[in-house]
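A, B, ... follow the sequence lines: proteins, then strands. Residue 1 opens every chain.
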Amino acid sequence: MGINTEQLSNILDNFVSSTNDVQGAALVTPDGLALAASLPGGMDEERVSAMSAAMLSLGERIGGELARGGIERIYVEGDQGYGVLTSCGEDAVFLVLASRAVKQGILMLEIKGALGELKSILI
Amino acid sequence: MALDSHKLMNKMEQRSLFTAEDKTLLQSHADWGREIAPDMAEKFYDYLGRDEEMNAILTEKEGRIHRLRETFIEWFAEMFTGMDNWGGDYADRRWRIGLIHVRIGIDPQHVVPAMATVVREAEKRLIAESKPSELKESLSKICMIDLAFIEQAYVEVSSAAVLRETGWTERLFRRLISTGADSM
């Protein structure tokens, strides 16, 4: 049975709309192709997807080189907000964008919850 | 290595219209090729030595220029012998030359004019020694095949090195190039 992309999109849309201060999310393949995305207007989905996959993969390499063990997430902190990249099984990368106001503990819990849902569809 | 060097060699032969006649002609002048190779190396490295950037690369490590000169002599002679009739060994060796170029930092901008020097100098010798004009054409073809091959190897090796260091898939790498190029 194929992957239900509509379900993936629904999970992302719900995640973005129901989590405080989350501005966008995307699920992409390790090759950098978008499986589903709910990104802020003006963001280039194709580009964001490629960069997300590139960053997670590079982060994992860096983690290995610096003997940091398995990488749980890549965290980008800017003065306008956060970008969090998490591996979603072997076949996908989960990107979440949040504003500076986000409560990080809650964000991590919400990401964990969303990952569980996304993985159940991808498997 | 994503690229099959032997397949690329065959493709280059077809694209350059490098025929069995070209091969026979070059092989029948293999002794001559071997004989003039040291002189060609002399001219080649004299030319490169006058380029500030190239000179810096060539003299960066002790003994490098000597090793490269030896490689040049072998490479030049191999264009006439074809090693294994321009087969897998020949292709692998051209691949290896591309790899060495990446390792020591010789870019295509250096290689292409340098190859033009080889063609020019070889042409002078062909004329001076009244060699058949067909030989000039055959030699030009194989020089261009080698050039294309070395440059393609350069691109492939550079990409492979990035993939190895980043863990990116080849498709992701191409996607990044494509999205990056679109925004230029």
Side-chain angles (χ1 to χ4, degrees), chain A residues 3 5 24-37 39-76 78 83-95 97 122, chain B residues 1-12 57 60-61 64 91-92 95-109 148-184:
Chain A
I3 294 169
T5 50
L27 190 70
V28 310
T29 67
D31 287 340
L33 280 174
L35 290 167
L39 293 169
M43 263 191 204
D44 184 334
E45 186 180 304
E46 211 176 313
R47 214 148 175 233
V48 169
S49 301
M51 283 182 176
S52 299
M55 193 154 73
L56 186 65
S57 172
L58 187 56
E60 285 172 346
R61 276 298 163 111
I62 292 169
E65 194 65 31
L66 302 181
R68 298 299 90 189
I71 298 300
E72 287 182 24
R73 65 186 72 91
I74 308 285
Y75 207 73
V76 179
V84 183
L85 281 155
T86 319
S87 171
C88 184
E90 282 187 7
D91 300 318
V93 176
F94 186 40
L95 166 73
L97 303 173
L122 290 174
Chain B
M1 185 193 315
L3 187 135
D4 181 329
S5 56
H6 197 181
K7 268 190 195 164
L8 178 65
M9 198 71 215
N10 288 336
K11 203 181 281 177
M12 289 300 107
I57 293 170
E60 191 188 328
K61 281 192 178 166
R64 175 179 281 174
D92 287 344
W95 179 273
R96 180 122 195 104
I97 291 170
L99 174 64
I100 291 167
H101 283 174
V102 177
R103 280 188 185 154
I104 68 177
I106 301 175
D107 295 333
Q109 61 162 316
F149 201 91
I150 291 166
E151 293 318 299
Q152 189 62 39
Y154 187 96
V155 172
E156 298 287 334
V157 169
S158 303
S159 307
V162 172
L163 297 187
R164 181 186 285 243
E165 287 300 284
T166 59
W168 296 346
T169 64
E170 199 171 328
R171 280 184 187 169
L172 174 58
F173 185 56
R174 297 206 181 280
R175 194 154 287 126
L176 287 167
I177 292 172
S178 154
T179 54
D182 278 350
S183 67
M184 282 178 179

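Of the two parts of Ser178(B), neither the backbone nor the side chain holds a non-hydrogen atom closer than 4.5 Å to a non-hydrogen atom of chain A. When heavy atoms are compared at a cutoff of 4.5 Å, Leu33(A) approaches chain B by way of both its backbone and its side chain.
Without hydrogens or angle criteria, Arg61(A) side chain to Arg164(B) main chain gives a donor-acceptor distance under 3.5 Å. A donor-acceptor pair under 3.5 Å is absent between the side-chain atoms of Thr166(B) and the main chain of Leu58(A), judged by distance alone.
Between atom CG of residue Leu172(B) and atom CG of residue Asp31(A) there is a gap of 6.5 Å, rounded to the nearest 0.5 Å. Between atom OG1 of residue Thr179(B) and atom CE of residue Met51(A) there is a gap of 6.5 Å, rounded to the nearest 0.5 Å.
Within a 6.0 Å sphere centred on CD of Glu90(A), other residues, nucleotides and ligands contribute 12 heavy atoms or fewer. Applying the 6.0 Å contact sphere to CD of Glu46(A) captures no more than 12 heavy atoms from other residues, nucleotides or ligands.
Across Gly59(A), Ser57(A), Gly64(A), Gly32(A), the residue that shares the most heavy-atom pairs under 4.5 angstrom with chain B is Ser57(A).
The shortest heavy-atom contact between Ala50(A) and Arg175(B) is CB-CG, 4.1 Å. Taking both residues in full, the closest heavy atoms of Ala54(A) and Leu176(B) are given as CB-CD1, 3.7 Å, listed atom of the first, atom of the second, then distance.
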